[in-house]
Amino acid sequence: MKNFTDKLILIGLMGAGKTTLGRQVARSLNYCFYDCDHEVSAAAGVSIPTIFEMEGEQGFRSRETTMLKKLVILPNIVLSTGGGAVLKEENRNLIRKSGTVVYLHAQPETLLERTRCDSNRPLLQVADPLGRLRELYAARDPLYRQTADFTVESGNCRQTIQTLLNLLSE
């Protein structure tokens with residue numbers, strides 16, 4: 001197991017808590033917090049659904065890789081990646097070598113509960129969002145596990161934050 005670096009990188013499906021928990025862990029560590037999706041959207045000047053609509057998922061993934069390369073070189077950060085960042089081997093390698101990687105794990109049913117009112121999730125704008133989350137989970141869970149140094153259940157917010165801080169202090 002590698003030692004904690006000055007970068008904590010959170011991976012997991014949408015709704016796993018990467019942004020919510022990441023902000024709070026960054027505050028506790030006195031680190032800067034970055035959400036890769038937010039940074040991609042800010043750099044493009046449009047929302048992620050608009051990027052998907054205009055460039056497709058492949059266009060978004062290309063922008064995501066470019067942004068990841070910029071963010072992982074920053075010191076003292078907590079980085080929330082997009083849920084699909086692990087789909088590209090290039091991203092997995094970049095993430096793995098750049099910091100301590102934690103997979104925030106949650107079941108599809110929990111993820112649906114957390115994301116059902118969020119229209120900013122283009123991959124869930126389908127007739128059966130739970131079915132879609134199950135498909136995404138089946139495809140991505142092995143990639144998250146392969147990429148992560150640690151897997152943490154993202155249940156109770158306070159407990160999860162404490163677990164993350166404990167992992168980093170070991």
Side-chain angles (χ1 to χ4, degrees), residues 1-48 50-52 55 57-106 111 114-115 118 120-121 136 140-170:
M1 192 67 63
K2 64 184 171 188
N3 291 330
F4 175 56
T5 65
D6 66 345
K7 293 168 199 33
L8 172 63
I9 303 171
L10 302 175
I11 61 174
L13 280 166
M14 60 188 96
K18 299 180 303 287
T19 299
T20 301
L21 297 169
R23 272 196 184 103
Q24 294 180 46
V25 170
R27 197 173 304 126
S28 294
L29 294 170
N30 201 25
Y31 277 18
C32 291
F33 173 77
Y34 292 92
D35 178 305
C36 190
D37 283 351
H38 174 80
E39 297 299 323
V40 167
S41 177
V46 296
S47 70
I48 289 174
T50 301
I51 297 170
F52 266 74
E55 300 178 8
E57 186 173 355
Q58 188 173 350
F60 172 77
R61 296 293 168 212
S62 175
R63 289 175 178 270
E64 180 177 57
T65 299
T66 300
M67 186 56 68
L68 278 171
K69 288 176 181 176
K70 291 178 182 177
L71 294 173
V72 297
I73 61 172
L74 300 173
N76 303 320
I77 65 165
V78 174
L79 173 61
S80 165
T81 65
V86 297
L87 294 173
K88 289 175 73 174
E89 185 176 3
E90 177 183 8
N91 291 349
R92 291 193 304 275
N93 291 335
L94 182 63
I95 289 166
R96 207 179 292 115
K97 75 176 189 183
S98 297
T100 300
V101 184
V102 176
Y103 169 25
L104 291 177
H105 176 267
L111 299 169
R114 293 176 183 171
T115 60
D118 188 347
N120 209 29
R121 311 278 184 176
L136 293 170
R140 296 177 183 180
D141 182 68
L143 297 173
Y144 294 136
R145 292 181 188 278
Q146 169 194 357
T147 306
D149 297 305
F150 303 103
T151 298
V152 173
E153 294 301 318
S154 70
N156 176 286
C157 191
R158 251 188 224 141
Q159 282 180 324
T160 306
I161 290 167
Q162 193 55 55
T163 299
L164 290 170
L165 293 171
N166 289 346
L167 280 175
L168 299 176
S169 65
E170 288 177 357

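Numbers here simply count residues along the sequence, with the first being 1.
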Taking side chain to side chain donor-acceptor pair (under 3.5 Å) as the definition, give me every residue that meets it alongside Thr65, ordered by chain and number, with sequence neighbours left out. Lys88, Asn91
Going by distance alone, is a donor N or O of one side chain under 3.5 Å from an acceptor N or O of the other, for Asp6 and Tyr31? no
Over all atoms of both residues, closest heavy-atom pair of Thr147 and Arg92: OG1-CD, 3.3 Å
Residues in salt bridge (Lys or Arg N to Asp or Glu O under 4.0 Å) with Arg63, at least two apart? Glu55
Please tell me if the side chains of Cys32 and Leu74 come closer than 4.5 Å, counting only heavy atoms from C-beta onward. no
Spacing of CG belonging to Leu167 relative to CD belonging to Gln162, to within rounding of 0.5 Å: 10.5 Å
Donor-acceptor contact present, side-chain Lys18 to main-chain Ile9, <3.5 Å: no
Atom CG of Leu29 and atom CG of Leu165: how far apart are they, to the nearest 0.5 Å? 5.5 Å
Can you sort out the partners of Gln146 under side chain to side chain donor-acceptor pair (under 3.5 Å), two or more places apart, ordered by chain and number? none
For the pair Ser28 (side chain) and Gln24 (backbone), establish whether a donor and an acceptor sit closer than 3.5 Å, ignoring hydrogens and angles. yes
For a 4.5 angstrom cut-off between non-hydrogen side-chain atoms, does Lys7 reach Leu79? no
Qualifying salt bridge (charged side-chain N to carboxylate O under 4.0 Å, His left out) pairs, either residue in residues 67-76, two or more places apart: Lys69-Glu90
Just jot down the ring pair (Phe, Tyr, Trp, His ring centres under 6.0 Å) partners of Phe60, sequence neighbours excluded, or say none. Phe52
Applying side chain to side chain contact (heavy atoms under 4.5 Å, CB included) between Ser41 and each of Thr50, Val46, Ile48, report the one that passes. Ile48
So salt bridge (charged side-chain N to carboxylate O under 4.0 Å, His left out) across residues 21-35, not counting sequence neighbours, yields none
Side chains of Thr19 and His38, heavy atoms from C-beta outward: is any pair under 4.5 Å? no
Ignoring hydrogens, what is the shortest heavy-atom contact between Gly15 and Leu111? Give both atom names and the distance. C-CD2, 3.4 Å
Looking at side-chain heavy atoms only, is the closest gap between Arg145 and His105 below 4.5 Å? yes
If you compare all heavy atoms of Ser154 against all heavy atoms of Ala16, which two are closest, and at what distance to 0.1 Å? OG-O, 2.7 Å
Under 4.5 Å between any side-chain heavy atoms of Glu64 and Asp37, yes or no? yes
Between Met14 and Leu136, the two heavy atoms sitting closest are CE-CD1, 3.8 Å
Please say which of Ile161, Leu104, Asn166 ends up in a side chain to side chain contact (heavy atoms under 4.5 Å, CB included) with Val152. Leu104
I'd like to check Thr100 versus Phe150 (side-chain heavy atoms, cut-off strictly below 4.5 Å). Are they in contact? yes
How close do Ile95 and Ala85 get, counting heavy atoms only, and between which atoms? CD1-CB, 4.4 Å
Nearest 0.5 Å please: distance from the CD atom of Glu39 over to the OG1 atom of Thr66. 13.5 Å
Student check: side-chain heavy atoms of Tyr103 and Asp141 closer than 4.5 Å: yes
Show the nearest heavy-atom pair for residues Leu71 and Ile77, with the distance to one decimal. O-CD1, 3.3 Å
